[in-house]
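Throughout, protein chains are lettered first and strands after them, A, B, ... in sequence-line order, and every chain is numbered starting at 1.
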Protein chains: 2
Amino acid sequence: MSSKRTATTGSAHVRERRQQRQRDILHAALRAFRENGYHATTLDDIAGHLGVRKTALYHYFPDKEAILYECHRESLNEIRRVMKEAMKLETATERLGYVIREHVRVITGNLDGSPLALEVPALSTERQAEIIATRDRYERDLRKLIEQGVKSGEFREVDSKIAAFVILGAINWIARWYRPEGALHARELGTEFADHLLGGLACR
Amino acid sequence: MSSKRTATTGSAHVRERRQQRQRDILHAALRAFRENGYHATTLDDIAGHLGVRKTALYHYFPDKEAILYECHRESLNEIRRVMKEAMKLETATERLGYVIREHVRVITGNLDGSPLALEVPALSTERQAEIIATRDRYERDLRKLIEQGVKSGEFREVDSKIAAFVILGAINWIARWYRPEGALHARELGTEFADHLLGGLACR
DNA sequence: ACCCTGTTTGAACGGGCGTTCAAAATTCTA
DNA sequence: TAGAATTTTGAACGCCCGTTCAAACAGGGT
């Protein structure tokens, strides 16, 4: 009694291909969302990038909002994984540097996208609440990380709230101007941003 | 032979009231755009905030896009005025501090809005070109300002392009989380951001 | 009180776009 | 190659929203 939506039936190979197709769709959608915004992006736009009609998308996602939702989930999961990984490092400086570099990587990466840069209000109320809750957890972790650095004497005394907003803003804003074909490349960007933003916290 | 649109006719008092009404509309639109984005905002939304039907708006603006366009123009003019004003100051540190504080003020202010934070791609091609050109001029000025600071020895050696993006991103991102009713107030925000972002440039 | 100008309204139109669905095309399985 | 499962398609529906327009309304000057 599985619904059409979940589609638990089918062989392993088929399921695998289906997942790959879903990833393709998310990828195309993410790119379009980032460039034109959610509302300005039509399903035809997304489907067109895949050489397919928009109705084909409905075999993989129930509606347009679900695509945006998955983009958010994907990105947020990645970014929270980064935060967890960072905690294995020793000093606050190392941890924050790692988070910044990886966050930049996620933003500029193709598959995962611009997590906080996407339009949240377009989601339904419940989904919005979930995404915001996850995002807030990440932001809280980031603030804590900064406060640790202040306590340990690595950073100067700053308002962790503002410091976190500065860092998040600088990074998320990348989604607005970054183009893969551009002069600035992703890898260097991460270290440069880390340098710069850590510099703003260093003791003088 | 004046067109309906320009409406050069009418007494001084009438013209004044009209301009005030236009400002009211821009104000309401700006708030709605910032909260929900351009495409998700309907003319009914904007008109509703003014206790009026959407058709009334057409007496002041030819179409929806024109409202967004005016929002952009208003904000960009303000921000470029700030840059000009900053040039009267002596050191690069003073200048940059002034620009940051004032840019934050413009972003958090009610009347003027979030200039670079608004959705540019929604504009028609020609208007888009104009807005982007003006914005680029501002960004170039900002980069030059940073380079001056590097040359004078006030700032450490940084890539002015990246430094400018960090600053712009941090500030423009404010539009995404700032709420006038919130705990963080506009005036302090400006100085805190200036402290923080200048700290990122200071020699160590 | 009356007109003239400026302002607002309600009704209606038209297009765009998300969505549905049955049928065609493609791919897998045996 | 036959049949079954999966994927894609084209046509059509319906809603939302920007836009138009003629008509109603307001209000200030004479």
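Residue Phe61(A) contributes atom CZ, which lies 13 Å from atom P of dT8(D) at whole-angstrom precision. Following rounding to the nearest Å, Leu57(A) (CG) and dG10(D) (P) show an atom-to-atom distance of 14 Å. Spacing between atom CG of Asp45(A) and atom C1' of dG16(C) amounts to 12 Å, rounded to whole angstrom units. Straight-line distance from the CG atom of Asp44(A) to the P atom of dT9(D): 11 Å, rounded to whole Å. For the pair Arg21(B) CZ and dG27(D) P, the computed distance is 13 Å after rounding to whole Å. Rounded to whole angstrom, the span from the NE2 atom of His39(B) across to the P atom of dG16(C) amounts to 15 Å. Between the NZ atom of Lys54(A) and the P atom of dC21(C) there is a distance of 16 Å, given to the nearest Å. Between the P atom of dG18(C) and the CD1 atom of Ile67(A) lies a distance of 10 Å, rounded to the nearest Å.
Look at Tyr60(B) and you'll find a side-chain N or O under 4.0 angstrom from OP1 or OP2 of dT8(C). Dashed line: the shortest gap from a side-chain N or O of Arg18(B) to OP1 or OP2 of dG6(C) is not under 4.0 Å. OP1 or OP2 of dC28(C) has at least one side-chain nitrogen or oxygen of Arg17(A) nearer than 4.0 Å. Using a 4.0 Å cut-off, no side-chain N or O of Arg53(A) falls inside it from OP1 or OP2 of dA11(D).
Annotation: of the two residues near DNA chain D, Thr41(B) and Gly51(A), the 5′-most nearest-nucleotide partner is Gly51(A).
Note: Trp173(A) and Trp173(B) have perpendicular aromatic rings, judged against thresholds of 30 and 60 degrees for the angle between ring planes.
Listed candidates were dT8(C), dT19(C), dG18(D). Nearest to the side chain of Val52(B) is dT8(C). Of the listed nucleotides (dT9(C), dT20(C), dG18(D)), dT20(C) has the atom at the smallest distance from the side chain of Tyr58(A). When each of dT7(D), dG18(C), dT9(D) is scored by its nearest atom to the side-chain atoms of Thr55(A), the top-ranked nucleotide is dT9(D).
With respect to the salt-bridge test (charged N to carboxylate O, under 4.0 angstrom), the residues Arg127(A) and Glu130(A) do not qualify. Salt bridge Arg81(A)/Glu78(A): present, at least one basic N to carboxylate O contact under 4.0 Å.
Closest non-hydrogen pair, Gly190(A) versus Ile100(A), comes out as O-CG2, 4.4 Å.
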- prompt: Where do His103(B) and Asn172(B) land on the side chain to side chain donor-acceptor pair (under 3.5 Å) test, with the steps shown first?
  reply: CA-CA 9 Å; His103(B) 194 148; Asn172(B) 287 325; 3.3 Å; yes
